[in-house]
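Just follow the structure's listing: the first ligand is 1, and inside any ligand the first atom is 1.
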Amino acid sequence: MQKRFYQPDAETMPVNEIKKLQEYKLIRQVRYVYEHVEYYRNLMDEKGVKPEDITCLEDISKLPFLSKNDLREAYPYGMLATDLKNCVRIHSTSGTTGKRVVAFYTQNDVDMWEDCCARAIVAAGGDKGDVVQVAYGYGLFTGGAGLHGGSHKVGCLTLPMSSGNTNRQIQFMMDLNASILCCTPSYAAYIGETLKEQGYKPGYNSLKAGIFGAEPWTEEMRHDIENSLGIKAYDIYGLTESSGPGVAFECCEQNGMHINEDHFYAEIIDPDTGEVLPEGSKGELVFTSLDKEAFPLIRYRTRDITVLTREKCSCGRTFIRMHKPMGRSDDMMIIRGVNVFPSQIEAVLLNKGYAPNYQILIDRVNNTDTFEIRVEMLPEDFSDKPQVITKKEKKIQSAMKEMLGINPVIRLVAPKSIARSEGKAVRVIDNRKKIGIHT
Ligand code: ADP
Ligand code: ZN
């Protein structure tokens, strides 16, 4: 019979027991961090809070937050909570939003992380006998190592492809009957596009599922990938600071990602005031690690905007779910005073039938923000009559106006003229940052 859970005792634990376990682990982890991390001890002392003040889960709100800046300030060893001799691995963030952060792992930390990834693989239908093609980057980036370790734990045959060399990816996918593909959603879309160009039709191979994450992607993008690859596409979330992918993962319902609550405690806060918001509110996701030894995090502000829900899930897992993150608070662009997320633009384009190949260009000319979206026209749209193209651009523009409230300039560009991504896609080029305008 198809395996449903990797660690059923944990994944289906009754909610009151999860909370009891979290409480016990929180008290233990706060004490551990206070004793071992001078940087965090100072933050707690400044706030006048001692480990003894934490006696239940609600007490967590007494503790100070940690931010990415704290981790950068403490670089490289300042947040290390154990002797370096006890560590077996280092990973580092992709540096999407600035200086990299390095994270350390003991063997127990690696095991816990790989268990989380194994849970995600089983939730996506993976089992012994599956061939898992890991096309996330290997190296300092956590994507490759995390899914690789998870795949081993489940007992799948692991294809450690790393990202890039798309023709070779496709050849191995076909020749070795890969059944589960793991990579960023933008790379999955690119592989799908390349397969189509090479004349393959969905269903041509043994691929049945994909586990895609490490960057924001919309439901529209999910449909696009599912159609082009002929699979079910599952979301996976994580960040280097909290170990890597696998902090949360989607089940067969594909309706929000279950957070591995036996290892992480999640809160949603108001990003401006820091106030903890009730379940169901939209806000910034904050994580506390409950088991980590080398690089524990207490109330780490992810800057990712999402919503948590405890609604019962038909898959049988009891872990709380997080919605697809709408992007990071720092992905948000303020253009002519209006807040715009790249995910809104992606949703409009894919709804209109365009492929997820676009680029957003922002600049400031004569004190006014300029806002242009370049979109690749579909090969079948190609026309040498400028008025036909203009009409299509106007259609996209009015849909954007409806979604965003402001009018971008739309430029349909030639097919294949926007660079494809093998890792995290770069969608926004904001030239205002170059001239020091705070955006
Ligand atoms: P960096 O912060 O330099 O990009 P990471 O590679 O650790 O470093 O990336 C973690 C971030 O990637 C998360 O904080 C989040 O913004 C984004 N991310 C990861 N998985 C997802 C996902 N499934 N959906 C949306 N965003 C994601
Ligand atoms: Zn579920």
I'd like to check Asp304 versus Phe287 (side-chain heavy atoms, cut-off strictly below 4.5 Å). Are they in contact? no
Check Phe141, Tyr105, Phe104 against His91 for a ring pair (Phe, Tyr, Trp, His ring centres under 6.0 Å) and give me the one that passes. Tyr105
Can we say Lys208 and Asp130 salt-bridge, meaning some charged N sits less than 4.0 Å from an Asp/Glu carboxylate O? yes
Does Arg299 reach the main-chain N or O of Leu63 with its side chain, forming a donor-acceptor pair under 3.5 Å? yes
Looking at ligand 1, is there an atom of it that comes within less than 4.0 Å of some heavy atom belonging to Phe212? no
Mind checking whether Ile236 contacts ligand 1 via backbone (N, CA, C, O), side chain (CB onward), both or neither, at a 4.0 Å heavy-atom cut-off? backbone
Indicate, as side chain, backbone, both or neither, the part of His323 found under 4.0 angstrom from ligand 1 when only non-hydrogen atoms are considered. neither
Under 4.0 Å from ligand 1, counting heavy atoms only, is it the side chain of Asp235, its backbone, both or neither? side chain
Any luck finding a side-chain donor-acceptor pair between Tyr39 and Asp70 under 3.5 Å? yes
Nearest non-hydrogen contact to atom 14 (O) of ligand 1 from the set Thr302, Asp304, Thr306 belongs to Asp304
Measure Lys424 to ligand 1 on non-hydrogen atoms and call it side chain, backbone, both or neither using the 4.0 Å cut-off. side chain
Under 4.0 Å, heavy-atom basis, I'd like to know which part of Ala214 is in contact with ligand 1: side chain, backbone, both or neither. backbone
Please could you name the atoms of ligand 1 that Arg328 approaches to less than 4.0 Å, counting only its heavy atoms? 1 (P), 2 (O), 4 (O), 11 (C), 12 (O), 16 (O)
Do the side chains of Arg28 and Asp291 get close enough for a salt bridge, i.e. N-O under 4.0 angstrom? yes
Would Cys252 count as a contact for the Zn ion (ligand 2), in the sense that one of its N, O or S atoms lies under 2.8 Å from it? no
Hey, does Arg303 sit under 4.0 Å from ligand 1 if you only count heavy atoms? no
